[in-house]
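Below: one structure, written as structure tokens.
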4 protein chains.
Amino acid sequence: MEKREVHASVKDEQLVSMRRTQMIKGAVTLFKDKGFHRTTTREIAKAAGFSIGTLYEYIRTKEDVLYLVCDFIYDEVKDRLQKEVNQNRGTIENLRLTIAYFFQVMDDMQDEVLVMYQEAKSLSKDALPYVLNKEIEMVKMFEVVISHCVENGELRLSEEEISLVAHNIFVQGQMWGFRRWALQRAYTLEDYIDIQTELLIGGLYVHK
Amino acid sequence: MEKREVHASVKDEQLVSMRRTQMIKGAVTLFKDKGFHRTTTREIAKAAGFSIGTLYEYIRTKEDVLYLVCDFIYDEVKDRLQKEVNQNRGTIENLRLTIAYFFQVMDDMQDEVLVMYQEAKSLSKDALPYVLNKEIEMVKMFEVVISHCVENGELRLSEEEISLVAHNIFVQGQMWGFRRWALQRAYTLEDYIDIQTELLIGGLYVHK
Amino acid sequence: MEKREVHASVKDEQLVSMRRTQMIKGAVTLFKDKGFHRTTTREIAKAAGFSIGTLYEYIRTKEDVLYLVCDFIYDEVKDRLQKEVNQNRGTIENLRLTIAYFFQVMDDMQDEVLVMYQEAKSLSKDALPYVLNKEIEMVKMFEVVISHCVENGELRLSEEEISLVAHNIFVQGQMWGFRRWALQRAYTLEDYIDIQTELLIGGLYVHK
Amino acid sequence: MEKREVHASVKDEQLVSMRRTQMIKGAVTLFKDKGFHRTTTREIAKAAGFSIGTLYEYIRTKEDVLYLVCDFIYDEVKDRLQKEVNQNRGTIENLRLTIAYFFQVMDDMQDEVLVMYQEAKSLSKDALPYVLNKEIEMVKMFEVVISHCVENGELRLSEEEISLVAHNIFVQGQMWGFRRWALQRAYTLEDYIDIQTELLIGGLYVHK
DNA sequence: GATGAATGAGGTTTCATTCAT
DNA sequence: GATGAATGAAACCTCATTCAT
């Protein structure tokens, strides 16, 4: 799926890229605190460090900001995850590390992920599928890693189980952020990683 | 935690209760379609079947509607779950049934749950803890059921593991609704229940 | 052609009618001074004697105001003209009186007519035909009066000539308003009526 | 009345003249389609083939563009008319030809004339008299031609009648453009010229 | 207790104009 | 002389809330 273009009046692509980075940074902070709807475009402009007029040189509507924010967050998460997965050798040990790494990323970016989670529904019907697609791609990464373990004979899982385990891992990563009010009070990140990994993988070994 | 009172000008309590039921029903449908912020108070009044003036006889602010909606949904889910859990005898078989029942409830009420999930953040700092508390109580129900199994010797889990498994069950129930775009395309509810239960419990048996 | 409906949120039709009258009155004055585009909706509301919020209870867009203004002016002119024409007996003398009466109306309403003339182009593609239709109907009134004279044998004109004379009368009425900077400096209304009538009819007599 | 100066930062007069020609050409097209107020300065610059910055090297305000456009159109019309009138010998036949020629010019330039007609009111109090003056001068040309006929004894008209006939001719020329929705559906330009001329002059002959 | 007309703060977006490069 | 990014005043319109009836 190709990237959705957000129209900018400004021609200089480097400038566009720079300004948008400023914008996204400011917007994430605001959305985190007040949500998308309660944040005004003026606030976004101010947080980004430029005027309201300038903001609209780089987007067409307020919703464009939300899209850019979501797009950015997904790309960031996906890129980080991709790097880890690329080194994968298909062993259980690798799966453990991938999960740990993913949970770590979700911890680092929990504010961003929370924002995305709560505001993605405000995306237009146009933009939503593009964002959901990114999530599907990430889930697929986990599927690939798990499949390797199955092919190696280290795990015995049906196709359907593989897919669902991948979803579970993904959601458990997000949980750490969006249920922080419960989980981060009770567990350290390390504990959370350890216990979830054990619960997930403990039950999957072939020889058990 | 005691129930948060929403002020009504009208004294007749039965009337208040009736009007609020109408209101919640209408509001859920609207929130489902357009979200809390994009729904106007006029629309809520209309969907409830009375005038905007009347609406404000039963609430003080728009946010009160959201609170009442969230409150109602949680109560509904919790009540249903409570009934099931009350019959529980503390066996693995009972745990399976509880999970199946919970997932079924989450399927029945997926629109409502989705609404709550996406809009709860718009609750005031005042109302949010009360709603989160309800969630904690529900997670505790699962903890109780699992604990029984541990006490029976059918499962071997630490305190920390019990709590996290309870969270996992809860979130997997919600997942079915808020990731419907992926899950409900790939699995029937029955399959989802079966596979998730197996993945959850399969790894927890003492004798495996 | 049926009347184009302008949506009002308010139900009470009498109230709607009253408020719109206030609105039109205020708007005409403003449009006269500054034109449609330079007049703000707030100014219209203020001139009408209510708040901006109230204004929008009676219209949907600013353009609706323009439409209502144009509609009102045309109706006013047309109604007045209709009354005169209804008494018509089809003689040259009647034609003279009709022209005089029309020019008098155009003098009374010259501000309104000027507004309509200059701003009608800002009407949406949707509303314009409806307004133009009213003009066609007025031109037809003149055609009827002239035709009677032809049928009576008092004038000898082809169909095409009748139509064009009707247009000329109509435009000469408007001229008095929109070229006031030249004409009203040089002629009194009475002189204008006399001379134009003579020029128009003088050349049309059968026996001349 | 002397020409109103529009300030240009650029000194090279030839360049100024060239750029302004480009500008006027582009602006006329835009004003024709969308009107003065709905046309942005950026669009004008683009249509003229240079940047918004450059546009403002040749004008001081947006209204200057309108003035230049109006000025240009009037000059064009007036120049063409002047050439014809200069050959005039003061006969009825010459008057006929002048009218025919003028109507032809108004047909050629009907878009431009329409623009001017609808937008002239947006000129500042400063610029308007200058433009109106041009119109007065054109009307005077017709007065001169008609006066010649009167002096020749071919027509018998008072001073006041001469002036009004001149106005009528002028407005009937414009009519062809601004009432095109009615007239150009019913008449060819030739028919329009013939009938209007006959109606105008038919009634003026001395011997009739 | 019910109604709905009235309010106006505040939201998003546009666009004429400037000025550093 | 030419460019186009930046600016911010000001436009249109919405909608939560009130209050007289």
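The sequence lines fix the lettering, A, B, ..., with proteins before strands; numbering per chain opens at 1.
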Taking only side-chain N and O atoms of [X], does any of them lie within less than 4.0 angstrom of OP1 or OP2 on [N]?
X     : N      : value
C/S51 : E/dT7  : yes
A/T54 : F/dA5  : no
C/Y56 : F/dT14 : no
A/R19 : F/dA6  : yes

Problem - 5' priority, DNA chain E, between C/G49 and B/G49 [closest heavy atom] - result: B/G49
Problem - Heavy-atom side-chain proximity of A/E119 to B/K121 below 4.5 angstrom - result: yes
Exercise for the section: Would you check if D/V115 and D/F36 make a side-chain contact, meaning some heavy-atom pair closer than 4.5 Å? Expected result: no
Practice task
Using the closest heavy atom to pick a nucleotide of DNA chain F for each, name whichever of B/T41 or A/E57 lands nearer the 5' end.
Solution key: A/E57
Handout entry: Of B/R38 and D/Y58, the one whose closest DNA chain F nucleotide lies more 5'
Key = D/Y58
Problem - N/O donor-acceptor pair under 3.5 Å between A/D71 side chain and A/Y67 backbone - result: no
Practice task
Report yes or no: is there a donor-acceptor pair, N or O only, under 3.5 Å between the side chain of A/R42 and the base of E/dT12?
Solution key: yes
Measure the distance from [atom1] on [X] to [atom2] on [N] and round it to the nearest whole Å.
X     : N      : atom1 : atom2 : answer
A/H37 : E/dT12 : NE2   : C1'   : 12 Å
A/I59 : E/dT13 : CD1   : C1'   : 10 Å
D/R60 : E/dT18 : CZ    : C1'   : 14 Å
D/I52 : E/dA20 : CD1   : P     : 18 Å
C/K62 : F/dC13 : NZ    : P     : 8 Å
A/D64 : E/dT14 : CG    : P     : 11 Å
A/M18 : F/dA6  : CE    : C1'   : 12 Å
C/H7  : F/dT14 : NE2   : P     : 10 Å

Problem - G-U wobble or Watson-Crick pairing nucleotide for E/dA16 (cut-off 3.5 Å, both distances) - result: F/dT7
Practice task
Using Watson-Crick or G-U wobble geometry with both distances below 3.5 Å, tell me the partner of F/dT21, or none.
Solution key: E/dA2
Completion exercise
Which of A/R19, A/K62, A/M23 passes side-chain contact (heavy atoms from CB on, under 4.5 Å) with A/L55? Answer is A/M23
Exercise for the section: Fit a plane to each ring of C/F178 and D/Y117, take the angle between them on a 0 to 90° scale, and name the class: parallel (under 30°), tilted (30 to 60°) or perpendicular (over 60°). Expected result: perpendicular
Handout entry: Touch class at under 4.0 angstrom, heavy-atom based, for D/S9 against every strand present
Key = nothing
Practice task
Look at the side chain of B/F50 and decide which nucleotide, out of E/dT3, F/dT7, F/dA11, has an atom nearest to it.
Solution key: E/dT3
